[in-house]
Amino acid sequence: MAKLLPKRDAVIIGLGWTGSILAQQLTDAGLNVVAIERGPWRDTATDFNIAYMQDELRYAIRKELFLKPSVEAMTMRNTRSQTAMPMRDYGSFLPGDGVGGAGVHWNGHTWRFWSSDFSIHSHLAQRYGAAKMKGLMLQDWGVTWNEIEPSFDKFEYLCGISGKAGNLKGQIVPGGNPFESARSRDYPTPPMKMSYAPTLFAQKVREQGYHPFPTPSANLSTAYVNPLGVRMGQCTYCGFCERFACGNYSKASAQTTILPVLMKKPNFELRTECEVLKVNLSPDGRHAKSVTYIDAKGVEYEQPGDIVVICAYALMNVRMMLLSKIGTQYDPVTGQGTVGRNYCYQTGSGARMFFEGKHFNPFIGAGTLGQTMDDFNGDAFDHGPLDFVGGGGINCIVTNGRPITNRPTAPGSPRWGQGWKKATVEGYNSSMGFSAQGSSYPVRENYLDLDPTYTDRHGRPLLRVTFDFPDNDIRMSHFMSDQLEKIAKPFDAKITTVSRIKKGWDAVPYQSTHNTGGAVMGSDPRTSAVNKYLQSWDVPNVFVVGASGFAHNAGMNPTGTVGALAFWAAEAITTKYIKSPGALVPA
């Protein structure tokens, strides 16, 4: 029997980026908030000390900051005809573990999806006709650019993002991204200083008529004090961002932007190492009464709350909805149901060039030290004569020169022994790369549900992921690989290699932690699990915040849009819902 606790105004499940933003905004509005986090407490000074964070074996290889399958696994398959098998090790993507979530170990790429993304179906239908999207389940998100833009601004200024505006209030600004949607003001800090590889990349692609610009970065170019009064440091270009926390207070995370203020509030409480098992509903299923969770000692509690905000990782958000029977499970056979629908991932390809006489010093790196061109991203180019929709950003980012994982060797090099050692020495400092990060568009066959066979240590069904790269996305990615080949030629490298994605998603090698969808937002309850404010259509006092709300994935990293949606949902709760509890959008 679960121990019943006193009611709180709001219960937040998970304290990563979204949970921290929601907790900060809701407590500012006067609500009494409790956050329940499955993982441990993590703090910069005590957990991410600069003296031991730069341990590649501990963090990059042994994955100390990541979710362990023994805590929560998933089952994977490419098609419904296959039997899904459980992941014994997270490989293709790496969910975070503990306070701060995946925002602790991210690289820091901070993009705004474009205005055309939020109205993607309407935009493409108007420009090319609905037949262009045949076989895809693209849909508008229910929110407009003018509505969501201020929330992007709030997230960027919270984080101190370093970048250069390309479209300032409709005016194209030289040196920035000319394809971005209009922003109300420039980034809070200037771009990072570029090393040799991105400088050379920008020069070469500009000579080809393209439009490179500094990649917007949560690795700060200068010291910064955010609107909450939290001080952040200047990036030292140490090359330990992805898979690592930042001991220098210079990579934006919940720890470096929000928690120093939030944790001091008397109307906020955090309970760590407590796993929420389910959200408890009223008998009619229309109201969330409480959440049931189990602590580190195995004691079960029931925490009542007037509002429940699900702020876990995207995939976990969907699983929590399914376990709690919030909404209707999507059925790929009939196309009915919404929870689990429109699951998307990311498509990618890369180019690697080996030179003679050039020295790139890759150890001078950061998670987002680089240049990007969006000439082939989204709908920045004419898809009329092409057999796909979508696209990707082309990025030259120098993330690291770490000794275990950064050992590029030219094609044909020995795989081991003295020959391999010679090749890795030659390739380390004389090669550079750039990559295409492509969009992922939803199809009927890609979805999330509960596995009928495998359960976790609490006896709950695991989440089952059914996914393969859609044909549209394969064609798009091959087009991007073609562009990489063309762009690489003027570099006059000794050897150039370009990768090509192929059918048959493999969950073993790392690809991207950009999992999206499954609890998508929209204006139609028949095709979306939550409304434009991230509020459940079926249980109005439940809000589901994160990349689970994306109706598709663009050719950009999702974190900037995740942060914007968190501010957007928080504003709806504090200015609309608490004044008049109930559905904010008529079904």
Side-chain angles (χ1 to χ4, degrees), residues 48 50-61 63 65 94 103-111 159-163 189-204 212-222 232-253 256 348 350-355 358-373 393-409 424-437 491 510 512-513 557 559:
F48 309 143
I50 196 69
Y52 61 80
M53 273 313 297
Q54 295 175 329
D55 184 337
E56 187 179 11
L57 181 63
R58 178 179 180 180
Y59 295 103
I61 306 302
K63 306 175 184 176
L65 296 176
L94 300 171
V104 168
H105 65 76
W106 71 315
N107 260 330
H109 298 223
T110 312
W111 297 102
C159 298
I161 302 302
S162 299
T189 57
M192 301 185 78
K193 294 181 180 179
M194 296 295 141
S195 60
Y196 182 32
T199 299
L200 180 62
F201 172 82
Q203 173 195 331
K204 291 295 185 180
F213 59 92
T215 309
S217 172
N219 320 131
L220 271 60
S221 63
T222 185
M232 302 176 68
Q234 182 179 13
C235 179
T236 59
Y237 301 84
C238 71
F240 288 80
C241 284
E242 184 180 22
R243 305 194 182 201
F244 301 83
C246 180
N248 197 50
Y249 296 86
S250 54
K251 181 174 74 171
S253 65
T256 59
R352 170 66 59 174
M353 297 176 291
F354 296 84
F355 295 87
K358 293 185 183 296
H359 302 281
F360 293 101
N361 297 331
F363 50 84
I364 305 171
T368 320
L369 171 60
Q371 294 271 334
T372 295
M373 51 169 278
I394 298 178
N395 309 281
C396 180
I397 312 292
V398 183
T399 61
N400 76 92
R402 299 190 295 266
I404 298 177
T405 52
N406 191 331
R407 290 184 173 271
T409 56
T424 194
V425 168
E426 292 174 348
Y428 179 82
N429 204 28
S430 64
S431 70
M432 64 167 281
F434 49 87
S435 61
Q437 179 169 249
F491 283 78
Y510 183 76
S512 166
T513 308
N557 301 58
T559 307

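What you see below is based on every heavy atom in this structure, not just the backbone, and it leaves out hydrogens, waters and symmetry mates.
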Could you pull out the closest heavy-atom pair between [X] and [Y], with the gap in Å?
X      : Y      : answer
Met432 : Leu200 : SD-CD2, 3.9 Å
Ala60  : Arg243 : O-NH1, 2.8 Å
Thr405 : Glu56  : OG1-OE2, 2.7 Å
Cys241 : Gly367 : SG-N, 3.2 Å
Gln371 : Pro214 : OE1-N, 3.6 Å

Would you please name every residue forming a ring pair (Phe, Tyr, Trp, His ring centres under 6.0 Å) with [X], sequence neighbours left out?
X      : result
Tyr196 : Phe360
His105 : Phe66
Phe201 : Phe434

Donor-acceptor under 3.5 Å ([X] side chain, [Y] main chain):
X      : Y      : answer
Asn219 : Thr368 : yes
Thr189 : Thr222 : no
Asn406 : Asn400 : yes

Are [X] and [Y] close enough that some pair of their side-chain heavy atoms sits under 4.5 Å apart?
X      : Y      : value
Pro191 : Phe213 : no
Val398 : Pro198 : yes
Thr372 : Trp111 : yes
Leu57  : Ile404 : yes
Tyr428 : Phe363 : yes

With sequence neighbours excluded, tell me which residues meet side-chain hydrogen bond (donor to acceptor under 3.5 Å, both in side chains) with Ser431.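 Per chain and number, Ser431 pairs via side-chain hydrogen bond (donor to acceptor under 3.5 Å, both in side chains) with Arg352.
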Residues two or more places apart in sequence or in another chain: which of them pass side-chain hydrogen bond (donor to acceptor under 3.5 Å, both in side chains) with Ser512? His514
Who passes side chain to side chain contact (heavy atoms under 4.5 Å, CB included) against [X], sequence neighbours left out?
X      : answer
Cys246 : Asn248, Ser250, Lys251
Leu220 : Ser162, Tyr224, Met232
Gln54  : Ile50, Cys238, Phe240
Thr110 : Trp106, Phe155, Ile161, Ala218

Under the salt bridge (Lys or Arg N to Asp or Glu O under 4.0 Å) test, which residues partner Lys63, sequence neighbours left out?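 For Lys63 the salt bridge (Lys or Arg N to Asp or Glu O under 4.0 Å) partners, ignoring immediate neighbours, are Asp89.
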Can you list the residues that meet the salt bridge (Lys or Arg N to Asp or Glu O under 4.0 Å) rule with Arg407, with sequence neighbours excluded?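 Salt bridge (Lys or Arg N to Asp or Glu O under 4.0 Å) check on Arg407 returns nothing, list empty.
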Measure the spacing between NE2 of His359 and OG of Ser430 and express it to the nearest 0.5 Å.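 These two atoms lie 8.0 Å from each other.
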Between CG on residue Leu369 and OG1 on residue Thr399, distance to nearest 0.5 Å: 9.0 Å
Sequence neighbours excluded, every pair satisfying side chain to side chain donor-acceptor pair (under 3.5 Å) that has a member inside residues 232-242: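 Every side chain to side chain donor-acceptor pair (under 3.5 Å) pair that includes a residue of residues 232-242, provided the two are not neighbours, is Asn107-Glu242.
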Does a side chain donor of either Asn395 or Gln437 reach within less than 3.5 Å of an acceptor in the other side chain? no
